[in-house]
**Q** 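Okay, here's the structure, questions in a sec.
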Amino acid sequence: MQTMKAIQAAGEKPGFDKREFPMTDSDFTFIRRLAKEKTGIELGDHKKEMIYSRIVRRIRSLGLPSFRNYCEYLETHTDAELTNFVNAITTNLTAFFREPHHFEFLEKTVIPELKVNHKADKRIRIWSAGCSTGEEPYSLAMTLHKTFGSVTGWNTKVLATDLDSNVVAHGKAGVYSSDRFNGLDSRILKKYFTSYGGDQSNSGSYVANDEIKKFITFNRLNLLSEWPMKGKFDVI
C-alpha cells in the first residue's frame, strides 16, 4: 500500500470542503486504499461524505487537528487504531426477520431437509457471516427454536461473525431498544425477549432470553483473513 507521503507527492487537489476538519483527495485516497487492503471494502467517490462523518469522530476522540494527522496516525499506530478505523467505516444495516421470505424458506423447506440429512448425527450448523448487531442470528435462532426447542438430542448452532467488534459485542449482549422491534409480531417479542427493566412494557430495552442465546456463538472475523472454522456448514 502507498504511504501517506507517497500519495501526497503524487499530487494533491484541494479538499472537497471547508469544514472543521477538511479532507483532501489524498486523505481520502489513503483511507480507501487502507480499507480495501485490510477489509476488502470498496469506497467509491460517492462515499466521501459518509467517510467524513464517521472518521471525524475518531479525529475528535484522539484530539488530532486534521484528517492528514489521522492518516499519519494510522500509519504509525496501525495495530492500536485499525480496529477503531474498521468499526468506523463499517455499515451495519439489519433488522429482525429482514427479508422474511428467507426465514419462511428456512423453516418450511430447508430445516425439514436437514432433519432428514442429519438424522444420524443430529448436527446442524448455520453461519451468519455478516451478523451486524445480531438481529439476523437471533432470527435464525428463533426459527430453529420452533423446530428444535422442545426436542432433545439435536446439536444445532448458529455462528455469528462480523468485521466490526462493536456490533459483535452488541449481538452477544442481546440487548435491543424497543424501536428495533417495530413491525415484529408482539407474540415473538413476548416469547423470546424480556424487558431489560424487568417488566413487559412498550418502552425501554429488551434482552434475548437464554433459550435462543444458547443457539448462537458470536465471534469477530475478517472474511479476508484465515477462517478458523474447520467443519462444514449447512446454511450460510
Side-chain angles (χ1 to χ4, degrees), residues 39 41 43 46-47 49-58 84 86-112 124-150 156-221 223 233 235-236:
T39 72
I41 295 173
L43 298 173
H46 64 291
K47 296 289 187 179
E49 289 286 349
M50 181 196 78
I51 291 302
Y52 180 93
S53 65
R54 294 183 178 184
I55 296 298
V56 77
R57 301 169 193 168
R58 290 301 304 152
N84 292 320
V86 170
N87 290 350
I89 67 172
T90 305
T91 298
N92 299 293
L93 176 63
T94 188
F96 288 105
F97 294 99
R98 186 178 176 214
E99 305 289 350
H101 59 283
H102 292 169
F103 296 95
E104 292 174 10
F105 184 75
L106 178 68
E107 179 183 357
K108 297 177 180 178
T109 303
V110 177
I111 289 179
I124 294 175
R125 291 295 184 269
I126 298 177
W127 181 15
S128 174
C131 69
S132 187
T133 46
E135 285 87 340
E136 179 177 274
Y138 281 113
S139 299
L140 291 167
M142 286 183 272
T143 303
L144 286 171
H145 186 269
K146 289 182 181 180
T147 299
F148 300 103
S150 59
T156 56
K157 296 291 183 181
V158 176
L159 174 63
T161 65
D162 201 275
L163 180 64
D164 187 332
S165 60
N166 290 330
V167 298
V168 171
H170 187 156
K172 188 173 183 178
V175 178
Y176 300 92
S177 59
S178 58
D179 62 344
R180 301 302 298 164
F181 299 95
N182 290 342
L184 188 68
D185 190 322
S186 60
R187 292 171 296 181
I188 294 177
L189 175 60
K190 186 174 182 179
K191 182 174 182 178
Y192 294 113
F193 293 85
T194 302
S195 174
Y196 203 49
D199 58 17
Q200 286 282 359
S201 64
N202 292 323
S203 60
S205 299
Y206 294 85
V207 59
N209 294 339
D210 289 342
E211 62 181 335
I212 56 169
K213 274 189 172 184
K214 69 181 181 182
F215 282 94
I216 312 171
T217 298
F218 285 92
N219 282 312
R220 182 184 180 275
L221 178 65
L223 296 178
F233 289 94
V235 177
I236 300 176

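FYI, the numbering just counts along the sequence from 1. All of these numbers come straight from a predicted model, not from anything done at the bench.
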**Q** Please report the closest heavy-atom contact between Gly174 and Lys213, naming both atoms and the distance.
**A**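 Scanning both residues completely, I find the closest heavy atoms to be CA-CE, 4.3 Å.
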
**Q** Does Phe103 offer a backbone N or O that forms a donor-acceptor pair with the side chain of Lys108 under 3.5 Å?
**A**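 A pair under 3.5 Å: no.
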
**Q** Kindly indicate whether the side chain of Leu140, heavy atoms from C-beta on, has any atom under 4.5 Å from the side chain of Thr143.
**A**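 Counting from C-beta outward, Leu140 and Thr143 never come under 4.5 Å.
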
**Q** Which heavy-atom pair separates Glu136 from Ser128 by the least distance, and what is that distance?
**A**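 Distance-wise, the nearest heavy atoms are OE2-OG, 2.6 Å.
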
**Q** Could you tell me which non-hydrogen atom of Asn84 sits nearest to which non-hydrogen atom of Arg58, and how far apart they are?
**A**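 In terms of heavy atoms, the two residues are closest at ND2-NH2, 3.3 Å.
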
**Q** What I'd like to find out is whether the side chain of Ile89 reaches to under 4.5 Å of the side chain of Lys47, using heavy atoms alone.
**A**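 Counting from C-beta outward, Ile89 and Lys47 never come under 4.5 Å.
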
**Q** Report yes if some heavy atom in the side chain of Asn87 is under 4.5 Å from a heavy atom in the side chain of Ser165; otherwise report no.
**A**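 Yes, their side chains come closer than 4.5 Å.
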
**Q** Hey, what do you get for OG (Ser178) to CG (Leu184), rounding to the nearest 0.5 Å?
**A**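 Spacing of OG (Ser178) from CG (Leu184) equals 12.0 Å.
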
**Q** How close do Tyr192 and His145 get, heavy atom to heavy atom, and via which atoms?
**A**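 The pair with the smallest heavy-atom distance is OH-ND1, 3.1 Å.
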
**Q** What distance do Met50 atom CE and Ile55 atom CD1 have between them, rounded to the nearest 0.5 Å?
**A**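 Taking CE in Met50 and CD1 in Ile55, the distance rounds to 9.0 Å.
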
**Q** With a 4.5 Å cut-off on side-chain heavy atoms, are Phe193 and Met142 touching?
**A**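 In contact.
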
**Q** Looking at CG of Leu163 and OG1 of Thr39, how far apart are the two atoms once the value is rounded to the nearest 0.5 Å?
**A**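 Rounded to the nearest 0.5 Å, the CG-OG1 separation comes to 6.0 Å.
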
**Q** Measure across His170 and Thr133 and return the closest heavy-atom pair with its distance rounded to 0.1 Å.
**A**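 Shortest heavy-atom separation between His170 and Thr133 comes out as ND1-CG2, 3.6 Å.
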
**Q** Is the distance from the ring center of Phe96 to that of Tyr176 below 6.0 Å?
**A**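 Here the rings of Tyr176 and Phe96 have centres that are less than 6.0 Å from each other.
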
**Q** Just by distance, do the side chain of Arg54 and the backbone of Thr90 share a donor-acceptor pair under 3.5 Å?
**A**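 Looks like yes, one N/O pair under 3.5 Å.
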
**Q** Are the side chain of Asn219 and the backbone N or O of Thr161 linked by a donor-acceptor pair below 3.5 Å?
**A**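 The answer is no, because no donor-acceptor pair under 3.5 Å joins these two groups.
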
**Q** Rounded to the nearest 0.5 Å, how far apart are OG1 of Thr156 and CZ of Arg125?
**A**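 The CZ atom of Arg125 is 8.0 Å from OG1 of Thr156, to the nearest 0.5 Å.
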
**Q** Apply side chain to side chain contact (heavy atoms under 4.5 Å, CB included) to the pair Leu221 and Trp127, showing each step before the final yes or no.
**A** CA-CA 12 Å; Leu221 178 65; Trp127 181 15; 3.8 Å; yes

**Q** Below 4.5 Å, heavy atoms only, C-beta onward: do Leu144 and Ile126 meet side chain to side chain?
**A**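 Yes, at least one pair of side-chain atoms sits under 4.5 Å.
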
**Q** Does any N or O in the side chain of Asn209 come within less than 3.5 Å of the main-chain N or O of Glu211, such that one atom is a donor and the other an acceptor?
**A**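 Side chain of Asn209 to backbone of Glu211, a donor-acceptor pair under 3.5 Å: no, none is there.
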
**Q** Do Arg180 and Val175 come within less than 4.5 Å of each other through their side chains, counting heavy atoms only?
**A**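 Side chain of Arg180 against side chain of Val175, heavy atoms only: no contact under 4.5 Å found.
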
**Q** Just how far is it from atom CZ of Phe233 to atom NZ of Lys157, taken to the nearest 0.5 Å?
**A**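 Reported value, rounded in 0.5 Å steps: 13.0 Å.
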
**Q** Among side-chain atoms of Ser132 and Asp162, is any donor-acceptor pair under 3.5 angstrom?
**A**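 There is no such pair between these side chains.
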
**Q** Is the backbone of Phe97 close enough, under 3.5 Å, to the side chain of Ser139 for a donor and an acceptor to pair up by distance?
**A**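 A pair under 3.5 Å: yes.
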
**Q** Looking at the rings of Phe215 and Phe148, which for Trp means the six-membered one, are their centres under 6.0 Å apart?
**A**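 Judged by ring-centre distance (under 6.0 Å), Phe215 and Phe148 do not meet the cut-off.
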
